[in-house]
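Okay, structure first, notes after.
Just so you know, ligand 1 is whichever comes first in the structure, and atom 1 is the first atom listed for that ligand.
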Amino acid sequence: MTTKHQAKILIADDERSITDGLSAILSDEGYAVDVAVDGQKALERLSSDAYGVVLADLKMPKLDGLALLKEMQEREIHTECIIITGQATVDSAVQAMRQGAYDYIEKPLNSEKLTRLKALIPKAVDKFIVKQTNRALTSELANLTHYGELTGQSEQMRSVYQLIEAVAPSTASVIILGESGTGKELVARALHAKSDRDTGPFFALNCAALPKDILENELFGHEKGAFTGSTNEKQGAFELAHGGTIFLDEVAEMPTDIQVKLLRALESRQVRRLGGKKEISVDIRVVAATNKDLEKALAEGELREDLYYRLAVVPIYLPPLRERVGDIRLLANEFLLRYSRQNNKKVTGFDDAAWEWILSYNWPGNVRELKNAVERAVIMCRGTTIGAADIVPRHLRASGEVPAVVSVRVGSSLADAKKQLVLRTFASTGGDLERSAKLLGTSTSELRGELSRLLSANGNDGGARAEKRPAAAPAGKAKKEEPKAKKRR
Ligand SMILES: Nc1ncnc2c1ncn2[C@@H]1O[C@H](COP(=O)(O)OP(=O)(O)OP(=O)(O)O)[C@@H](O)[C@H]1O
Ligand SMILES: [Mg+2]
């Protein structure tokens, strides 16, 4: 008999009538079935072969059901376990559930119990497959330094990669949150590229860059004669993105009445052109982004709550660069390579002072600011190594005083307050060790030691995780100039 299911089943019981009966029934259901006549043999089989589900008798020679479950956990065998138990041992079955068994069935296995078992097994198999897939995914993505066009090896970025990988295949709407320059557009493109819509269009529309009427026209299109001067019909972004992804950038800037129309389109998956009567069905995945403080935008009614919930089926939060110092070095080196090639220069690295400044600066413009700073430094650099003078922005280099204010929340530790003060002082002097030491009332050698200690600890920062959604406060917002609606393929 051919098997139609992916996962094999193991029956572990010392009662021949049970193993024979269950084997026959489950084979008929299309499962590949093996039998073990005691707990020890079951454990051996589970260790050497992959099973989706084991049906284990609670009372077995050599190793009983509970002990088998415990051994499976210790050996990291992830097979789902359904316990088969006599009525007298129901308490132990409950205990087995607490120990991670999927479920239990009481003997005798009459037709009612068998029906229940037949319903239970595919569910347990599904759980096994989902867990197995997630484990594979997690370990596959656990060591990544790049994903799509994104660079980053911090724990936070790896969580972002996992989230993208998990949601890309679905049509669930996604909202990407994060300060300006954190890579929201790259995430939107990765979501498209990793989905099976990647052969369809990716259509990006910046809601902040367009006046209301034009935005509405770009989104929904119009019929011929819809308004003065509309001599031709025009397809909107929804129609143009059919079969692909539409990226609504800076969605919180969208005028409220267009938000209402957008919500309707998202709910019905249909759009009506301006001046049109016909509803046009569209198959699209919507990805939105905003660098606004969401709680504020929602509270002040800038972004409609019903639209937000419709968009935020899956929110992806991109942490600011200063919270993932572990990525700064990787990104800086990559940009250095890119811009030396582009500019035909033989710039090969950063000197210590440059690194100290790069790693301690708080990068309010995030990756975009770092990228621009490295590009400028490569162009300015006269030798082969970038020094602090090449990379530190002029306004920070020129200032004679410390402009920054260090705000330390009550509840922070002394060590944390010290760290903030030291790093910010150093950064705001443009990486001038001597001047920083003077300001902090310490010696240059002591400060150097302190900095290297703080910076190596920084690389391991845990920080916020991708799934969490702290308010995304736009700091030092450097607004990117976006051309009008554009189609990228
Ligand atoms: N993780 C990253 N790896 C490589 N490049 C990045 C990364 N994040 C951002 N960038 C680069 O930084 C610049 C800004 O990224 P992007 O436009 O995606 O930011 P954004 O979050 O959309 O910003 P804004 O809110 O201002 O629109 C781009 O040039 C992008 O290529
Ligand atoms: Mg953007």
Side-chain angles (χ1 to χ4, degrees), residues 141 144-165 174-194 202-210 245-254 286-294 297 303 311 315-339 341-342 358 363-376 378 463-464 466 469-486 488:
L141 300 176
L144 279 192
T145 54
H146 294 84
Y147 185 84
E149 295 171 72
L150 292 156
T151 297
Q153 59 189 3
S154 57
E155 206 190 315
Q156 296 99 308
M157 284 310 285
R158 284 176 182 157
S159 302
V160 169
Y161 303 160
Q162 277 171 27
L163 216 52
I164 298 175
E165 186 85 11
V174 176
I175 192 159
I176 309 163
L177 307 164
E179 290 178 12
S180 184
T182 46
K184 295 186 292 298
E185 183 152 352
L186 296 188
V187 170
R189 287 206 227 183
L191 277 165
H192 177 70
K194 302 279 173 182
F202 176 84
F203 198 101
L205 200 64
N206 187 317
C207 305
L210 303 170
T245 306
I246 182 167
F247 175 46
L248 300 174
D249 204 359
E250 309 211 28
V251 71
E253 310 281 342
M254 185 182 274
V286 177
V287 178
T290 178
N291 54 24
K292 283 229 155 169
D293 179 336
L294 254 191
L303 182 64
L311 288 172
I316 297 183
Y317 171 69
L318 276 175
L321 190 58
R322 63 183 168 279
E323 283 179 17
R324 44 185 166 110
V325 182
D327 290 338
I328 295 183
R329 198 181 280 274
L330 186 70
L331 283 161
N333 277 325
E334 209 163 276
F335 293 141
L336 177 85
L337 196 71
R338 184 187 304 175
Y339 291 114
R341 278 202 193 129
Q342 252 178 43
I358 290 170
W363 299 107
N366 295 296
V367 186
R368 180 182 292 117
E369 186 183 6
L370 174 64
K371 189 173 107 163
N372 293 342
V374 175
E375 181 177 14
R376 191 184 49 229
V378 168
R469 190 185 54 74
K477 183 170 164 186
K479 212 170 199 91
K480 188 177 66 167
E481 285 196 7
E482 192 87 309
K484 290 211 303 194
K486 58 188 176 197
R488 294 192 189 86

Do any nitrogen or oxygen atoms of [X] come within less than 3.5 Å of a nitrogen or oxygen of ligand 1?
X: G181; result: yes
X: K184; result: yes
X: G183; result: yes
X: R368; result: yes

Is there a donor-acceptor contact under 3.5 Å linking the side chains of E179 and N366? yes

Next on the checklist: Under a 3.5 Å cutoff, is there a donor and acceptor pairing between the side chains of D327 and S154?
Outcome noted: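 On atom types as modelled, these side chains qualify, holding a pair under 3.5 Å.
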
Applying side chain to side chain donor-acceptor pair (under 3.5 Å) to Q153 and not counting sequence neighbours gives none

Salt bridge E165-R158, side-chain N to carboxylate O under 4.0 Å: no

Contact partition for [X] relative to ligand 1, non-hydrogen atoms under 4.0 Å:
X: N366; result: neither
X: K371; result: side chain
X: T151; result: both

Going by the atom numbers of ligand 1, which of them fall below 4.0 Å from some non-hydrogen atom of [X]?
X: L150; answer: 1 (N), 3 (N)
X: T182; answer: 8 (N), 19 (O), 21 (O)
X: N291; answer: 25 (O)

Distance-only, no hydrogens or angles: does the W363 side chain make a donor-acceptor pair with backbone N or O of I358 under 3.5 Å?
-> yes

Do side-chain atoms of K184 reach the backbone of G178 as a donor and acceptor pair under 3.5 angstrom? yes

Taken in chain and number order and not counting sequence neighbours, the residues that satisfy ring pair (Phe, Tyr, Trp, His ring centres under 6.0 Å) with Y147 are Y161

Under the salt bridge (Lys or Arg N to Asp or Glu O under 4.0 Å) criterion, do K371 and E375 qualify, and how do the steps go? CA-CA 6 Å; K371 189 173 107 163; E375 181 177 14; over 6 Å; no

- Would you please determine whether E334 falls within less than 4.0 Å of ligand 1 on a heavy-atom basis?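 Distance cut 4.0 Å: E334 fails for ligand 1.
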
